[in-house]
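What follows is a short report on a single structure.
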4 protein chains.
Amino acid sequence: MENTNTMRGLNKVTLIGNLGKDPEIQQLEGNIAVAKFSLATTEQFKDKNGQSKTETEWHTIVLWRNLAELAHKYLTKGSLVFIEGKLKTRSYDDKEGNKKYITEIVADQLIMLDKQSNVQVDE
Amino acid sequence: MENTNTMRGLNKVTLIGNLGKDPEIQQLEGNIAVAKFSLATTEQFKDKNGQSKTETEWHTIVLWRNLAELAHKYLTKGSLVFIEGKLKTRSYDDKEGNKKYITEIVADQLIMLDKQSNVQVDE
Amino acid sequence: MENTNTMRGLNKVTLIGNLGKDPEIQQLEGNIAVAKFSLATTEQFKDKNGQSKTETEWHTIVLWRNLAELAHKYLTKGSLVFIEGKLKTRSYDDKEGNKKYITEIVADQLIMLDKQSNVQVDE
Amino acid sequence: MENTNTMRGLNKVTLIGNLGKDPEIQQLEGNIAVAKFSLATTEQFKDKNGQSKTETEWHTIVLWRNLAELAHKYLTKGSLVFIEGKLKTRSYDDKEGNKKYITEIVADQLIMLDKQSNVQVDE
DNA sequence: TTTT
DNA sequence: TTTT
């Protein structure tokens, strides 16, 4: 406690949406599970002509360990979930050797909101 | 009210961090202001050897209209702010003609947390 | 814009839970609707003996205008909802003349999470 | 993992505000620290006559263990903090034997936002 | 590219 | 009871 922490950061994302596909799960070395899926959050609003419009945003969700296994076990395409996590941007080189950036949400909480799959877990 | 809305989406980001540079502001047609800056959120944690480590994440913040003007007026490199907004991913073609994606946070609330610049505004 | 706002406050509550009863709605003067219901948020955790335990917290939710009407129209006992709002504590005198305090959540966003009643509205 | 959890609850409060007084700390049996303070969140808005008005809400914050000790060590009357926690309502009997209810926020994250006291800790 |  |  003597050594005070001097950070003042907060990095939090909160989403409610539907899975675009079934989660993909991998086992990394050390037997660590990681799952991924894309999540659609849909917003409805009125445009300037008063017409109702829908806008969908797609997010890449990454889950580790227990959360990965739960996602794999209980979630499928179309499942409605609440996700809380952190934004993380990483870079990689694509097949043509171009540097690409991708922003992902690393989940630390998952609540399944469908009647048939109501499971909540914290990391 | 008769026409029920069937959306169940939530797309929310909450950040506390420091500006990496002064905000850049532009006036779009129709006299609409848009500002941008990058925001660093820093997290401190202990690695598996018990050593304290720092991890910084950079976010691109986009502000419209009033919020853009406030950012331009009161924020500078280093300012500490609280931001609430939405994730939005858009694509563009870079100079070499490669399709690129960028994920930005479109702010709808800004709280300035420095003693010298304490202004809060909602969109 | 010249007159800068000097507030630095944030007061936000985010809940996912089930209604304990059907909402009660009233029409105040000026034809303003106000609805109330209590919402249970349930948390599951392991106690120090490793036994799984459930803890339920009850919240009083207050909704105004459109949100009140939506709640009245679509929500019933047991409905699963996401609520975002503000904490507000007010005092009143009970029948015996004792001063009482009550803390309520004044909703400004409501997302209905049941399959049968999926409506989202912002204030 | 076989035994699925059926909870779908979320109970989260997020506040930015100033301490009304220095925190009070107690040591409970088992050497567990608990601290309390009240926090003011202030909101500025325009009333229907267009006049700027200020509304302050007071919250009771409860912190346990490490967070209690940090609050005691670094926070004083007037400190600006970000708090994340849970709502918890409990009852007690006052001196006259009346049953009273109090709603508190049990903090699980604290970020100190003053230049002079910038410490962040998770429970 | 920030902050402590 | 706070802060600007």
Side-chain angles (χ1 to χ4, degrees), chain A residues 2-11 87 89 91 101, chain B residues 15-24 35-45 52-61 70-71 74-83 105 110-121, chain C residues 2-11 87 89 91 101, chain D residues 15-24 35-45 52-61 70-71 74-83 105 110-121:
Chain A
E2 278 314 295
N3 199 331
T4 71
N5 172 336
T6 55
M7 295 304 103
R8 300 186 290 176
L10 182 74
N11 171 358
L87 282 171
T89 299
S91 66
Y101 290 88
Chain B
L15 305 170
I16 295 177
N18 298 281
L19 275 73
K21 292 198 185 159
D22 290 357
E24 289 168 30
K36 260 184 212 200
F37 56 79
S38 49
L39 188 78
T41 56
T42 316
E43 199 190 1
Q44 202 161 295
F45 61 95
S52 189
K53 280 202 155 184
T54 262
E55 215 167 84
T56 295
E57 198 63 33
W58 285 97
H59 310 91
T60 302
I61 312 296
L70 276 161
Y74 297 111
L75 298 181
T76 55
K77 178 175 169 167
S79 297
L80 179 68
V81 294
F82 168 93
I83 291 280
I105 289 111
L110 166 66
I111 304 181
M112 308 187 189
L113 296 168
D114 293 314
K115 270 275 153 47
Q116 67 272 21
S117 63
N118 36 15
V119 177
Q120 169 188 3
V121 176
Chain C
E2 278 315 293
N3 200 331
T4 71
N5 173 338
T6 54
M7 297 303 104
R8 300 185 292 176
L10 182 75
N11 171 359
L87 283 171
T89 299
S91 66
Y101 291 87
Chain D
L15 305 171
I16 295 177
N18 299 281
L19 275 74
K21 291 197 186 160
D22 290 357
E24 288 168 30
K36 259 183 213 201
F37 57 79
S38 50
L39 187 78
T41 56
T42 316
E43 199 190 0
Q44 202 162 293
F45 60 96
S52 189
K53 279 203 157 182
T54 262
E55 215 166 85
T56 295
E57 199 63 32
W58 286 96
H59 310 90
T60 302
I61 312 296
L70 276 161
Y74 297 110
L75 298 182
T76 55
K77 178 175 169 169
S79 297
L80 180 68
V81 294
F82 169 93
I83 292 279
I105 289 112
L110 167 66
I111 305 181
M112 307 186 190
L113 296 168
D114 292 315
K115 270 274 151 47
Q116 67 273 21
S117 64
N118 36 15
V119 177
Q120 169 187 5
V121 176

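Lettering of chains follows the sequences in order, A, B, ..., and the numbering in each one begins at 1. Everything numeric here is computed off the predicted structure, so don't read it as measured data.
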Item to complete: For N11(C), enumerate each residue passing the side-chain contact (heavy atoms from CB on, under 4.5 Å) test, keeping only those at least two apart in sequence or located in another chain.
Response: K86(C), L87(C), L15(D), T41(D), E57(D), H59(D)

Worksheet item: With side chains defined as the heavy atoms from C-beta onward, is the minimum distance between L39(D) and L19(D) less than 4.5 Å?
Response: yes

Worksheet item: Given atom OH of Y101(C) and atom C1' of dT1(F), what is their separation to the nearest angstrom?
Response: 13 Å

Fill in: Between P of dT3(E) and CG of L75(B), the distance in whole Å
13 Å

Worksheet item: Within this structure, what is the CG-to-P distance between L39(D) and dT2(F), rounded to whole angstrom?
Response: 13 Å

Worksheet item: Taking atom types as they are modelled, is there a donor-acceptor pair under 3.5 Å from the base of dT2(F) to the side chain of S38(D)?
Response: no

Fill in: Per K21(B) side chain, nearest of listed nucleotides dT1(F), dT1(E), dT3(E)
dT1(E)

Worksheet item: To the nearest Å, how far apart are F37(D) CZ and dT1(F) P?
Response: 18 Å

Fill in: Student check: side-chain heavy atoms of I16(D) and L113(B) closer than 4.5 Å
yes

Worksheet entry | Spacing between D114(D) atom CG and dT4(F) atom C1', to the nearest angstrom | 12 Å

Fill in: Protein-nucleotide distance (D22(D), atom CG; dT2(F), atom P), rounded to Å
12 Å

Worksheet item: For the pair made of CG in L15(D) and P in dT2(F), what is the distance, rounded to whole Å?
Response: 18 Å

Item to complete: Kindly indicate whether the side chain of T56(B) and the base of dT2(E) share any N or O donor-acceptor pair separated by less than 3.5 Å?
Response: yes

Fill in: Given dT2(E), dT3(F), dT1(F), the nucleotide with the shortest approach to the side chain of W58(D)
dT1(F)

Discussion item. Any heavy-atom pair between the side chains of I83(D) and F37(D) that's under 4.5 Å?
Written reply: yes

Worksheet entry | Interatomic distance where CG belongs to N18(D) and P belongs to dT4(F) [whole Å] | 7 Å

